[in-house]
Amino acid sequence: MRHRSSGGIFLSMNALVELRRRFVVALEGLADEPAALAEMILPSQDPRFGDYQANCAMPLGKKLGKPPREIATTLVERLVAAPGWESLCDPPEIAGPGFINLRLKDDGIAARLVTALADTERLGIVPVSAPRKYVLDYSSPNVAKPMHVGHIRSTVIGDALSRVLRFLGHQVITDNHIGDWGTQFGMIIYGYKHFVDTEALAAASVAELSRLYKLVNQIGEHQANLAEKRPALAEKIATQETRLAELATAPPTGDPKQDKQADKKRRQAEGTLADLRREQAELEAKIAAFLADARLSSLAAAHPAIGAAALAETAKLHTSDPENVGLWKRFLPACLEEIQQTYDRLRVTFDHTLGESFYHDRLAGVVEALQKKGLARESDGAQCVFLEGYEAPFIVQKKDGAYLYATTDLATIQYRMEEWAPDAVLYVVDHRQSLHFEQLFATARQIGYDDLELQHISFGTVLGEDGKPYKTRSGSAVGLMGLLDEAVERAGTLAAKSSVLETDTERAAVAERIGIGAIKYADLSHNRTSDYVFSYDKMLAMQGNTAAYMQYSVARVKSIFGRGGIDPETLRGDDATIALSNPAERALAMELLRFTEALARVAAEYKPNYLTAYLFDLAQRFAEFFEQCPVLKADDDATKASRLRLCDLTARTLEQGLALLGIRTVERM
RNA sequence: GCGCCCGUAGCUCAGCUGGAUAGAGCAGCGGACUUCUAAUCCGCAGGUCGCAGGUUCGAGUCCUGCCGGGCGUGCCA
């Protein structure tokens with residue numbers, strides 16, 4: 001698809017693609033795979049080296065046994081001779097060992113931007129020529145259990161990826177694979193049967209169900225602490241003490257290397273022991289706190305082995321016990337409503353919400369099929385798939401006959417293939433489940449899903465300021481709603497300082513967008529695969545790579561139009577021109593052109609932080625432009641109009657970029 | 001024990017199939033509001049990219065070993 005520009009010439013926003021296309025032609029006869037070499041055109045790091053640099057002459061010189069600069073010379077001659085080169089790019093310069101430095105013509109940049117200016121839908125960005133069908137599996141909380149920071153990261157990353165892929169022209173099906181069939185329902189059912197407050201249930205079912213879950217869970221945890229965790233910990237400590245004593249009394253061998261190793265082992269053992277003792281102290285404190293609560297301890301005494309009892313309720317649910325199925329059907333809507341509140345707040349939607357329960361009746365079939373294919377076999381009473389390269393088997397059915405999430409995940413792949421036949425399925429799930437997904441994908445390939453791209457889009461842990469997984473002071477998971485509330489509340493104190501916000505209503509609306517935006521942007525701007533430290537102060541800072549700064553940048557650009565009483569639409573006509581005489585104008589224009597490159601990178605690696613980094617760069621280029629180039633007070637009307645067009649494009653690119661991240665902007669702040 | 005991931009400025013983090021002089025924000029120092037939003041901007045300083053080898057014209061990036069850390073590792077998800 002092509003877009004029309006003012007001169008009647010068809011120009012895509014993507015100058016890099018155009019350059020690569022020309023390099024492929026120029027490389028004809030010189031290389032076996034011109035496309036791969038043409039991929040080696042990258043943005044230059046330093047403006048002295050032009051806008052882009054082609055690095056293909058060096059490897060090619062090596063392969064052909066010729067000096068790279070000679071190859072580069074040949075390429076440059078061919079490029080320059082090709083029709084239309086002079087309107088695209090300056091004559092390339094050859095530098096260093098054989099770099100080819102490329103500098104786009106200002107007129108060409110301007111023409112592309114004029115195309116973008118007129119395109120109110122897509123900013124001149126061309127949809128991919130070969131759209132793919134993606135299924136995106138993200139968020140996936142356990143209903144009835146409170147969501148935590150990990151779910152937010154999955155939700156926010158998955159949502160951003162789905163928006164970007166869609167914008168690029170792919171078909172995307174989003175599916176929230178919620179946990180709605182597991183142990184937590186057994187707990188709620190048990191809680192309902194023994195502890196329900198019928199009035200509270202009638203008045204606020206969600207709150208009451210949540211209370212029941214927490215209560216049963218708390219008692220169960222306490223009993224497990226006493227019966228299992230406490231003795232297990234004591235045994236571990238004893239083992240470790242013995243080991244440490246052995247290590248400490250072992251005589252030196254005389255070999256420095258061995259002694260060093262032994263010393264290291266001893267220090268590690270000391271560290272492990274200290275950790276275990278700390279854990280023990282925490283456990284004892286928890287047990288003591290529970291016992292200090294008279295009501296809880298009497299409940300625990302009255303309901304021994306509550307965990308097993310809850311599991312029994314779960315099992316009855318799974319075997320279609322009419323009462324429990326009835327309760328499940330009755331409670332599920334309230335649980336869904338609860339998580340929906342969070343999605344509403346985040347403004348995240350899904351095409352489908354097919355939870356574990358949806359696949360319930362397919363699980364037996366999955367195991368049977370695996371057995372028939374000879375992939376699954378019985379081991380220690382369980383049905384296992386043994387995979388090459390993995391010590392642990394992929395267990396698809398427990399010895400008690402129950403199915404696991406491995407089974408459900410296989411059934412889900414099967415269903416999605418039957419129903420949607422996607423090219424790719426992406427699972428946005430934290431990195432701790434990487435082994436599970438490796439095994440799942442390996443099993444799926446053995447079943448025969450060879451052409452399907454299965455990707456675990458893993459992400460790192462959200463840490464507290466102490467460097468440990470983000471928890472409340474008491475050690476429990478941080479409630480998601482509370483997290484959002486706090487961010488919005490803190491954003492509110494920022495908004496209160498504003499000189500341009502007039503009413504409390506407006507301040508509240510801005511605070512909501514800044515607060516929610518801050519949380520999302522923090523999750524998205526960090527490299528997906530790394531852990532990162534959660535900090536309200538950092539995510540709400542007005543300087544640096546934050547949502548608040550980006551939103552402020554948008555508001556600042558837009559204020560120019562407000563101040564000047566100018567409707568940007570009047571500047572977007574076919575006769576529009578953009579002049580790039582000032583270096584700051586040109587730098588901003590080049591950055592605007594690169595939006596499409598940033599999106600392509602996001603889609604290639606499923607990494608939203610490439611987009612946040614781009615938007616931050618763009619905001620920086622704009623700040624430099626804003627500093628150096630008067631807009632409303634430009635020397636002449638033509639310059640003013642040209643600069644207003646750059647402002648318009650900047651605002652729209654920032655807004656579009658943020659929208660693709662699921663972040664809303666404000667008119668002023 | 002085995003497997004996966006990580007180690008970049010005082011702190012928090014970027015760094016595009018290996019590219020030229022490794023970047024940003026915070027904190028520190030110094031500047032810029034009678035001038036389009038100063039909730040901002042500009043400048044300075046700050047680095048053995050954990051260590052040691054190797055591959056390469058070229059390594060933060062690839063390989064090997066070591067040091068340090070996180071996570072996972074047969075019936076939770």
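In what follows, every chain begins at residue 1, and chains take the letters A, B, ... in the order their sequences are listed.
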Using a cut-off of strictly less than 4.0 Å between a heavy atom of the residue and any atom of RNA chain B, enumerate the qualifying residues of residues 397-412 of chain A by number. A:K398, A:K399, A:L404, A:Y405
Do A:T546 and B:rG25 have a side chain to base donor-acceptor pair shorter than 3.5 Å?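 There is none.
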No-H, no-angle donor-acceptor pair, A:N55 side chain to B:rA20 base, under 3.5 Å: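 Looking at the base of B:rA20, it does not pair with any donor or acceptor on the side chain of A:N55 (distance under 3.5 Å).
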Answer yes or no as to whether B:rU40 has its base stacked against A:Y552, where stacking requires a ring-centre separation under 5.5 angstrom and planes under 30 degrees apart.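 No, A:Y552 does not stack on the base of B:rU40, since the centre distance and plane angle fail the 5.5 Å and 30° test.
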Ring stacking, A:F99 with base of B:rG19, under 5.5 Å and under 30°?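 No, the aromatic ring of A:F99 does not stack with the base.
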Would you indicate which nucleotide in [options] comes nearest to any side-chain atom of [X]?
X: A:I395; options: B:rC75, B:rG25, B:rC41; value: B:rC75
X: A:Q433; options: B:rC13, B:rG74, B:rA77; value: B:rA77
X: A:E391; options: B:rG19, B:rG1, B:rA14; value: B:rG1
X: A:L435; options: B:rA39, B:rC13, B:rG72; value: B:rG72
X: A:R556; options: B:rG70, B:rA77, B:rU37; value: B:rU37

Could you state the atom-to-atom distance from [atom1] of [X] to [atom2] of [N] in whole Å?
X: A:F622; N: B:rU40; atom1: CZ; atom2: P; result: 15 Å
X: A:L611; N: B:rA14; atom1: CG; atom2: P; result: 16 Å
X: A:Q439; N: B:rC4; atom1: CD; atom2: C1'; result: 12 Å
X: A:H456; N: B:rG3; atom1: NE2; atom2: P; result: 20 Å
X: A:H526; N: B:rG25; atom1: NE2; atom2: C1'; result: 10 Å
X: A:Q53; N: B:rG58; atom1: CD; atom2: C1'; result: 12 Å
X: A:F394; N: B:rA77; atom1: CZ; atom2: C1'; result: 12 Å
X: A:N545; N: B:rG15; atom1: CG; atom2: P; result: 11 Å

Applying a 3.5 Å limit to both distances, which nucleotide forms a Watson-Crick or G-U wobble pair with [N]?
N: B:rU48; value: none
N: B:rG74; value: none
N: B:rG7; value: B:rC67
N: B:rU12; value: B:rA24
N: B:rU34; value: none
N: B:rG43; value: B:rC29

Does A:Y549 place a side-chain N or O at less than 4.0 Å from the phosphate oxygens OP1/OP2 of B:rC41?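 It does, given that an N or O in the side chain of A:Y549 lies less than 4.0 Å from OP1 or OP2 of B:rC41.
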Under-4.0 Å side-chain N/O to phosphate OP1/OP2 contact, A:S530 with B:rA14: yes
Salt bridge between A:R594 and A:D617, side-chain N to carboxylate O under 4.0 Å?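 No, this pair does not count.
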For this output row, return yes or no: ring centroids of A:H177 and A:Y405 closer than 6.0 angstrom. no
Near-ring test A:Y536/A:F534, centroid separation under 6.0 angstrom: yes
Rounded distance in Å between the [atom1] positions of [N] and [M]:
N: B:rG58; M: B:rG72; atom1: C1'; answer: 37 Å
N: B:rG25; M: B:rC51; atom1: C1'; answer: 29 Å
N: B:rG1; M: B:rC66; atom1: P; answer: 11 Å
N: B:rU12; M: B:rG53; atom1: P; answer: 29 Å
N: B:rA9; M: B:rG47; atom1: P; answer: 10 Å
N: B:rU48; M: B:rU34; atom1: P; answer: 42 Å

What distance do A:Q620 atom CD and A:S553 atom OG have between them, rounded to the nearest 0.5 Å? 8.5 Å
Are A:R601 and A:Y610 in a cation-pi setup, meaning NZ or CZ lies under 6.0 angstrom from the ring centre and within 45 degrees of the ring axis?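 Checked: cation-pi criterion met.
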Of the options A:R621, A:R643, A:R645, which is the one that meets A:E585 in a salt bridge (charged side-chain N to carboxylate O under 4.0 Å, His left out)? A:R643
Mind telling me if B:rC33 is syn or anti? Syn here is a glycosidic angle within 90° of 0. syn
Give a yes or no on whether A:D636 atom CG has more than 12 heavy-atom contacts from other residues, nucleotides or ligands under 6.0 Å away.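 Atom CG in A:D636 is crowded, with more than 12 foreign heavy atoms closer than 6.0 Å.
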Indicate whether any N or O donor in one side chain lies under 3.5 Å from an N or O acceptor in the other, for A:E356 and A:T408. no
Taking the six-membered ring for Trp, are A:H318 and A:W181 parallel (under 30°), tilted (30 to 60°) or perpendicular (over 60°)? parallel
